[in-house]
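The residues of the chain are indexed from 1 along the displayed sequence. Note that the structure is a prediction, hence the values are computed from the model and not measured. Only heavy atoms go into these numbers, but all of them, side chains included; no hydrogens, no water, no symmetry mates. Both ligands and their constituent atoms are indexed starting at 1 by order of listing.
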Amino acid sequence: MIAELRIDLDIIAANWRLLCNRHPGGAVAAVVKADAYGLGAAQVAPRLLREGCRHFFTAHPAEAAALRPLLPGVMIGVLNGLWPGEAGEYAARDLVPVLGSAREVEAWGAEARRLGRRLPALLHVDTGMNRLGLDARDLDLIANEPERLASIELLAIMTHLVSAEQPENPFNQRQLQRFRAACARLPAAPRSIANSSGMFLGPDFASDLARPGAALYGVNPTPGRPSPVTVPLRLRAKVLQLRDVPAGEPVGYNGIWTAQRPSRIATIAVGYADGYLRSLSNAAEACFDGRRVPLVGRVSMDLTTFDVTDHPGIGPDSWLELIGPAVTPDQLAAWAGTNGYEILTSLGARYPRAYGGA
Ligand SMILES: *Cc1c(COP(=O)(O)O)cnc(C)c1O
């Protein structure tokens, strides 16, 4: 084995419990879209079910359908809404669409009437994202004709925050006001507001159902402040080859790094095809024995090089830690110019995965 991704399900469960403790007035769902942000929904979701989680969300209906046999008896919501022509499929598999337009409300209501029973749904009100969710016109339609919801069991009315990770951003309060005004015009129902960061914006943003994803997987929901959650993954790669490079010699594609002194270069079999982003070229560090090791040259598709000149302990079979407690997804994201979400959802399919704490 030349690289390995270890995922500790106990840590994900502990992160979920920590979020529950922060949200005493309401339930806490688990967002497991995009294969639980790359960490494995088929492993993560059943672990959280065992922990007591009763609400799960995916983005696509196929993701939800795949989890249905693993999550008997609990809600699986589909955040991207009711997809055209798929109402029968949602109903047959007991998937709960997050209805985001009057058209989706109509289609789900029609399916309910066809089946002769009420069907569960969440209703998504847009308060500023302008992506999905009822716009002003659709809100008017439904507020003025609430019988459009007659055959729908409204599990919650929800909205989604645009900048929850920026506590000072006045848009957070504006969305809250818009949401309250919309709810006042709709039938009484539980409410769902916060994502991970929204859960740290104070009691106004608490609701009947919080919807954290990223924080479960170790992304800091409070950027710029110490993280309240723990990183549950560890990605390490074994040194594939060590070589001595004379001063003045370039390393890697386009020679964007040149040895300034006689240097020792370690090559690992991980590259951008594994989601170790090319934008990390000349910019990142790995960790060995508690010390940082600089990445030098371009990240290539299947290989990456590190300058280990100052680390005589690194030998041919040494392991470099690429992601873990010492090099967090957020840290790697800062070097790559992205966010921790993209680091996690980019984790490659070639890594052998090992789960702990199942
Ligand atoms: C992805 C998503 C979430 C979870 O967001 P995190 O920032 O990962 O906690 C919650 N709600 C909606 C609508 C989403 O799309």
Side-chain angles (χ1 to χ4, degrees), residues 12 15-16 18-20 22-23 26-39 41 44-45 48 53 55-61 63-64 67 75-83 95-101 104 121-134 155-167 169 171-172 175-176 178-179 182 190-201 205-223 227-229 231-233 328-330 333 338-347:
I12 296 174
N15 288 338
W16 182 76
L18 178 138
L19 295 171
C20 289
R22 285 200 56 87
H23 199 249
V28 176
V31 177
V32 294
K33 61 192 179 191
D35 202 23
Y37 294 48
L39 298 191
V44 168
L48 292 175
C53 184
H55 306 85
F56 295 83
F57 287 99
T58 66
H60 290 209
E63 296 177 308
L67 288 177
M75 189 201 89
I76 309 179
V78 181
L79 291 168
N80 281 9
L82 183 63
W83 287 9
L95 310 182
V96 175
V98 175
L99 303 173
S101 68
E104 290 182 28
L122 279 79
L123 187 62
H124 182 180
V125 176
D126 181 35
T127 54
M129 189 75 87
N130 285 302
R131 218 170 49 163
L132 297 175
L134 301 184
L155 299 185
I157 304 173
M158 70 160 245
T159 196
H160 191 40
L161 298 169
V162 169
S163 300
E165 77 285 8
Q166 301 168 354
N169 193 323
F171 206 72
N172 292 316
Q175 286 191 271
L176 200 55
R178 288 180 181 173
F179 184 59
R191 298 182 185 186
S192 177
I193 302 174
N195 66 336
S196 297
S197 292
M199 298 183 75
F200 293 83
L201 288 176
F205 292 84
S207 66
D208 299 297
L209 183 65
R211 305 184 310 275
L216 298 172
Y217 312 115
V219 173
N220 183 0
T222 60
S227 181
V229 294
V231 174
L233 65 147
T328 65
D330 292 308
T338 181
N339 63 10
Y341 297 64
E342 191 175 31
I343 295 294
L344 294 184
T345 57
S346 299
L347 287 168

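Using a 4.5 Å heavy-atom cutoff, the side chains of His160 and Arg131 are in contact.
In terms of heavy-atom proximity, Thr127 sits nearest to Arg178 at O-NH1, 3.0 Å. Nearest approach of Ser192 to Ala156, heavy atoms of both residues: CB-CB, 4.4 Å. Heavy-atom minimum distance, Leu161 versus Leu201: CD1-CD1, 4.0 Å. Pairing each heavy atom of Pro329 with each of Leu344, the nearest pair is CG-CD2, 3.9 Å.
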Can I get a per-line list of side-chain donor-acceptor pairs under 3.5 Å for residues 26-39, giving both atom names and the distance, sequence neighbours left out?
{"unit_1": "Asp35", "atom_1": "OD1", "unit_2": "Ala41", "atom_2": "N", "d": "2.8"}

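Protein residues lining ligand 1, listed by chain and number: Val31, Lys33, Tyr37, Leu79, Met158, His160, Asn195, Ser196, Arg211, Pro212, Gly213, Ala214, Tyr341 [non-hydrogen atoms, distance under 4.0 Å].
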